[in-house]
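Since this is a predicted model, take the numbers as computed values, not measurements. Lettering follows sequence order; numbering is per chain, from 1.
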Number of protein chains: 2
Amino acid sequence: MGSSFSDRLADAVRRTRTPLVVGIDPRADRLPHSLLPQEAYDDHAAVAEAYATFGEAIVEIAAGRVCAVKPQLAFFEECGPAGATALARVAKAAREQGLLVIFDGKRSDIDSTAEGYARAYLGAKSAWGADALTVSPYLGGDSLDPFERVAVEQDAGLFVLVKTSNPGGKMFQDLQLGERRLFEHVAAYVEERAKATAGACGYGVMGAVVGATYPAQLEQLRREMPSAWFLIPGFGAQGGAAKEIVPAWDGQGLGGVVNSSRKIIFAYRDAPYAAKFGEANWKGAVSAAIDEARAAFASAHAAFSA
Amino acid sequence: MGSSFSDRLADAVRRTRTPLVVGIDPRADRLPHSLLPQEAYDDHAAVAEAYATFGEAIVEIAAGRVCAVKPQLAFFEECGPAGATALARVAKAAREQGLLVIFDGKRSDIDSTAEGYARAYLGAKSAWGADALTVSPYLGGDSLDPFERVAVEQDAGLFVLVKTSNPGGKMFQDLQLGERRLFEHVAAYVEERAKATAGACGYGVMGAVVGATYPAQLEQLRREMPSAWFLIPGFGAQGGAAKEIVPAWDGQGLGGVVNSSRKIIFAYRDAPYAAKFGEANWKGAVSAAIDEARAAFASAHAAFSA
């Protein structure tokens, strides 16, 4: 047995001194043209090859400077079978660089099918070799059991959707059910399972996806889920700011990792990087954007200072 | 523009005179040994190849006798990139045989990521070429909008998880808000979108996954979602019976398609098929199990009689 995902994530945050996770969300029409010319946007094989090359480059730039990468499965799946090969290449490159790999697939199903997804993705022995996977709770606790069982067995982790950062997330998640809203019911379940599987770091196998555009709820959910790692999307392109994430962290800066995708991987397209680096030096822009995000977290919490 | 998915599904039910959907849920340890010897269970490429061969055979047997097939993505994903190639082969074979293809992936995400999933799977021009996809509602209405937009554009369909057949499904789905439970809120949303996109058959782009182990709820949900196609799992291996599904159907036998997976594709392992056909004639067992399911629906609704 290796160490648990929760402990490996704690180690990675301590070692890299940042909660930053780089989201690998490739998009054909945002890639540097040197990787993919416009006339190839409809060619699934060409797009997949460009995604693999792009993802591998992101991994190389991010290695040692972020705690994990989070490939977004949708964009790879959009390329068909060629995209699967590209995703496997990116995941392999990340593992080889010592980065934890969180697959953002928001999977869910029941019984043996849920176990199928868990066995597909979780752990070094699985076909994909991810360290963790995002999952959706609508199907109930027994749909999450197989994921938890496999995660424990394979020293892998899970992040359950609890409170999401999209404007419409409240449509169902904020429905008031008894004295609690739906997302609070889900949070109670996640905390129960996280506590039952807590590692040396104090956090368990089951974590939570908690949108950073709701800082008050981040504080509340931290109180309600003291044993759960948070995966916090919405930093950067969706408008969250580092200081609003402070409630997610414990005294050591553990407990919450923060994803940024577009603002980092496509930094060459945005001010001020567009002028400074331009498309030709898109890798320099990625690197500078990682530095900027790291600095934002360092100014928000002492654990992340150099 | 071709005809909408809802109308194509109505045509397929009329043409084949059955609501039967065969679920393609391959499992290494249940395949006939002639397709996959036990020593190859851990060889992803060998398993994927066997899944493709098995799926293509199921499609050939089912062609013209069921309205659709529903590959379960989890089991293909379990094989890694080789599984993606296998899934594409099965989907292609189904299309070529004139079967509608419903991908059971229970996908969900927001914004451009949701659109990525939709563009990956929906419609003849997508990389996977599915006619429809199952999706999960937890992220709210704005997470389903991109799926709906692409489905309308590509003449494809969606089935939103509303009420599922697993024992733990009620954990969140049955939570009470005032006079409505969570699944009823989701149902109201699905009906609104189904009505807004209804085709000539009266049913819309957005359908609902409704578990058949709750017949009273099937009747209730039919009343509450008159414009939504139902995809009903849980027939066969999960214990639903044909007569309990009657409330799902309108006078023409439209409105609900019914999935059966294990009881059909692995029929050779179960009584009475095990004795009659055995592993060597596993295809004969599949064919007989399809006949038996068709007969069960025919005895339950006149529209399905020969």
Side-chain angles (χ1 to χ4, degrees), chain A residues 25 27 44 72-88 104-117 119-121 126-128 136-145 161 164-173 175-178 180 182 185-186 189, chain B residues 25 27 44 72-85 87-88 104-117 119-121 126-128 136-145 161 164-173 175-178 180-182 185-186 189:
Chain A
D25 298 29
R27 302 278 303 278
H44 292 134
Q72 176 52 259
L73 272 53
F75 300 116
F76 292 92
E77 291 173 25
E78 203 173 343
C79 305
T85 304
L87 175 62
D104 198 351
K106 299 186 176 63
R107 295 301 197 257
S108 71
D109 214 296
I110 62 172
D111 299 335
S112 61
T113 313
E115 186 177 335
Y117 280 128
R119 296 215 173 276
Y121 293 110
S126 69
W128 297 94
S136 183
Y138 188 76
L139 295 168
D142 66 354
S143 76
L144 298 171
D145 289 343
L161 296 176
T164 61
S165 55
N166 54 313
K170 59 182 180 299
M171 181 174 191
F172 302 124
Q173 294 163 29
L175 287 175
Q176 188 82 30
L177 305 141
R180 281 174 171 175
L182 174 60
H185 285 272
V186 177
Y189 175 82
Chain B
D25 298 31
R27 301 277 304 279
H44 293 135
Q72 176 50 259
L73 273 52
F75 300 116
F76 291 93
E77 292 174 23
E78 202 174 344
C79 304
T85 304
L87 176 62
D104 197 352
K106 298 184 175 64
R107 294 302 197 258
S108 71
D109 215 296
I110 61 172
D111 299 334
S112 61
T113 313
E115 186 177 335
Y117 280 128
R119 296 216 174 276
Y121 293 111
S126 69
W128 298 95
S136 182
Y138 188 77
L139 295 168
D142 66 355
S143 76
L144 297 171
D145 289 342
L161 295 175
T164 61
S165 55
N166 55 314
K170 59 183 182 297
M171 182 174 191
F172 302 124
Q173 294 163 30
L175 287 174
Q176 189 83 26
L177 161 76
R180 274 180 174 174
R181 287 164 288 182
L182 174 60
H185 286 274
V186 177
Y189 175 82

Nearest-0.5 Å distance, [atom1] of residue [X] to [atom2] of residue [Y]:
X        : Y        : atom1 : atom2 : result
A:Leu177 : B:His185 : CG    : NE2   : 7.0 Å
B:Lys170 : A:Asp142 : NZ    : CG    : 8.0 Å
A:Ile110 : B:Ser165 : CD1   : OG    : 4.5 Å
B:Phe75  : A:Arg119 : CZ    : CZ    : 11.5 Å

Quick one: does A:Asp109's side chain have a donor or acceptor within less than 3.5 Å of a partner on B:Lys106's backbone? no
Is there a donor-acceptor pair under 3.5 Å between the side chain of B:Asn166 and the backbone N or O of A:Leu139? yes
Please report the closest heavy-atom contact between [X] and [Y], naming both atoms and the distance.
X        : Y        : result
A:Tyr117 : B:Leu73  : OH-CB, 3.9 Å
B:Tyr138 : A:Leu182 : CE1-CD2, 3.7 Å
A:Ala127 : B:Gly80  : CB-N, 3.4 Å

Could you tell me which residues satisfy side chain to side chain contact (heavy atoms under 4.5 Å, CB included) with A:Ala120, sequence neighbours excluded, listed by chain and number? A:Trp128, B:Glu77, B:Glu78
For chain B, which of A:Thr85, A:Thr113, A:Asp25, A:Asp145 has the most heavy-atom pairs under 4.5 Å? A:Thr113
Choice from A:Pro81, A:Gly140, A:Ala84 maximising heavy atom contacts with chain B below 4.5 Å: A:Pro81
Contact class of [X] relative to chain B, heavy atoms under 4.5 angstrom:
X        : result
A:Tyr121 : side chain
A:Leu87  : neither
A:Arg27  : side chain
A:Ser126 : backbone
A:Gln176 : both

Against chain A, work out which of [options] has the most heavy-atom pairs shorter than 4.5 Å and name it.
options                                : value
B:Met171, B:Arg107, B:His44            : B:Arg107
B:Ala114, B:Ser112, B:Ala88            : B:Ser112
B:Gly141, B:Ser143, B:Ser136, B:Pro137 : B:Pro137

By side-chain hydrogen bond (donor to acceptor under 3.5 Å, both in side chains), A:Gln173 pairs with (sequence neighbours left out) A:Thr164
